[in-house]
Amino acid sequence: MQPQFIDSNGQSIFTIYFQVPEHVKHVKTLLVVPPFAEEMNKSRKMLSDFARIASAMGVAVLLVDLYGTGDSEGELEQATWQQWHQDVVSCLAWLRLNNPNVDIGLLGLRLGATLAVDIFCKNEALDISDVVLWQPVINGKQFVRQFLRLRLAASVVGNGTKESAAQLQHILAENGTLEVAGYMLNSQLIKDIEAINLSSVNLNTKNKMRLSWYEIGMPPKKDLLPISKKLVEEWQRRSLDVATFFIEGIPYWSTQEIATCEALSVSTLHHVLGLYEGE
Amino acid sequence: MNEIITLVKECLQLDDVSDFDQNTELLGSIPEFDSMAIVTILTTIEDNYGVMIEDDEIDADVFETLGTLMTFVQLKLS
């Protein structure tokens, strides 16, 4: 486990590299694109547990704190989607330098999955072998609406008057920033996230990139959300290699108590390592 | 009603919901029922039932009891 700062366009990005032990064959490397805000905090244990299991099985993992988050340079208030693109691209370059003959893939969780797909679509030159999506956010606009609800909900729970969405928009227009549950968001970042929708990304694979889509849920749920299935089917119609998996487990990125899902880690690694292919 | 109880149980990570019914008070009674819980529950309802909840539909009354929450969901689905 190796913590270090990687340079991203002059900014220092905090990362932790989980390397494969000497006696194990280094088969692949995954760069983890993290979720947003509180989801990131709640997912830390899951992601570091995953990184530990993965590296023991021959898959090195780089955990990344995007600009303005975690221990990286900058404040969230200054973060933009573009900067985050650059962060991932810089970290990929670092990985390629340090892992010259190994396939490198992206693993994105929640909004990190959305970012991973967006980066893959917009960077033709990136040589990525796998894009693993954990519980992807499909609709950026809906995601922002759900996030802004934290502020609305706080005003419902408190005894003050309830703020309206229009009021929040007004504050954003006036100040350029909006505070939600302790997170300072700038209007550019909000616009950037709202503009993203996986249903309309230009996803086509030039090489043999493998896409996998994972969702977690508790019974009676036993399959992907209908809207996810619809999107995956569309991608498959475009001849994309997309595998889908539903894993029984608690949504660890949003639970109050820290939770993990080992089955998700194991299933992901089995797939990434191609352990049961051809069966 | 069972679906709603399951939803609340999962979102709040509660252990024992055996005595939950439509009169069970939520907001202000269950300690885990804070603003984060409201957001989680609303998001789960949106995802599970494929509905969209507008900001002006969010009110403290909706979360008064399991019964009021269930009525809210039923209205959204109709």
Side-chain angles (χ1 to χ4, degrees), chain A residues 37-39 41-42 110 135-139 141-169 180-182 215-221 223-230 248-259, chain B residues 1-18 20 24-66 68-73 76-77:
Chain A
E38 270 311 288
E39 290 189 1
N41 286 340
K42 291 172 195 260
R110 295 288 295 146
Q135 214 75 25
V137 168
I138 296 180
N139 187 334
K141 209 166 191 156
Q142 185 184 51
F143 181 78
V144 168
R145 208 162 38 81
Q146 289 168 345
F147 188 73
L148 291 183
R149 265 196 204 138
L150 278 168
R151 185 154 161 162
L152 278 167
S155 66
V156 161
V157 168
N159 285 322
T161 29
K162 187 186 133 182
E163 284 175 315
S164 69
Q167 277 173 308
L168 296 190
Q169 289 297 339
V180 178
E215 281 183 19
I216 284 191
M218 292 297 285
K221 248 200 209 154
D223 205 349
L224 266 56
L225 292 169
I227 191 165
S228 308
K229 281 174 94 165
K230 196 163 150 222
E248 191 182 306
I250 315 176
Y252 54 86
W253 60 89
S254 66
T255 46
Q256 294 241 22
E257 305 281 334
I258 301 297
Chain B
M1 173 49 62
N2 275 333
E3 270 180 33
I4 298 296
I5 294 179
T6 308
L7 195 143
V8 170
K9 176 177 193 236
E10 264 167 41
C11 290
L12 270 49
Q13 286 169 291
L14 300 172
D15 292 318
D16 182 17
V17 294
S18 49
F20 273 32
T24 306
E25 287 179 359
L26 299 173
L27 190 60
S29 293
I30 301 182
E32 291 89 342
F33 214 99
D34 56 9
S35 57
M36 189 74 214
I38 289 182
V39 172
T40 309
I41 285 179
L42 290 174
T43 306
T44 307
I45 291 172
E46 278 184 328
D47 286 347
N48 283 5
Y49 298 106
V51 296
M52 221 171 73
I53 298 174
E54 300 298 332
D55 291 328
D56 55 10
E57 291 176 281
I58 303 171
D59 207 77
D61 295 342
V62 171
F63 306 100
E64 200 184 315
T65 65
L66 273 173
T68 56
L69 184 59
M70 190 181 80
T71 307
F72 174 74
V73 174
K76 284 305 287 182
L77 292 174

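By convention in this document, chain letters (A, B, ...) are assigned in the order of the sequence lines, proteins followed by strands, and residues within each chain are numbered from 1.
Within a 6.0 Å radius of CD in A:Q256, other residues, nucleotides and ligands contribute more than 12 heavy atoms.
Of the atoms belonging to B:T43, heavy atoms from both backbone and side chain fall under 4.5 Å from chain A. Interface remark: B:E3 contributes no atoms to any contact with chain A (heavy atom separation under 4.5 Å). Of the atoms belonging to B:L27, it is side-chain heavy atoms, and not backbone ones, that fall under 4.5 Å from chain A. Looking at A:L150, the atoms closer than 4.5 Å to chain B (heavy atoms on both sides) sit in the backbone and in the side chain alike. Contacts between B:L42 and chain A at a heavy-atom distance below 4.5 Å involve backbone atoms as well as side-chain atoms. Proximity to chain A (any heavy atom under 4.5 Å) is shown, for B:L12, by neither the backbone nor the side chain.
Put simply, of B:E46, B:E32, B:M36, B:E54, the one with the most heavy-atom pairs under 4.5 Å next to chain A is B:E46.
Residues that satisfy the salt bridge (Lys or Arg N to Asp or Glu O under 4.0 Å) test with A:E163, not counting sequence neighbours, are A:R151. Shown here are the ring-ring contact (aromatic ring centres under 6.0 Å, His included) partners of A:F147, two or more places apart in sequence or in another chain: A:F36.
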Item to check | Criterion salt bridge (charged side-chain N to carboxylate O under 4.0 Å, His left out) on B:E10 and A:K221, from CA distance to verdict | outcome: CA-CA 12 Å; B:E10 264 167 41; A:K221 248 200 209 154; over 6 Å; no

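The backbone N or O of B:M52 lies less than 3.5 Å from a partner atom in the side chain of B:K76, making a donor-acceptor pair.
Residues A:Y252 and A:I216 meet the side-chain proximity criterion, which asks for heavy atoms closer than 4.5 Å.
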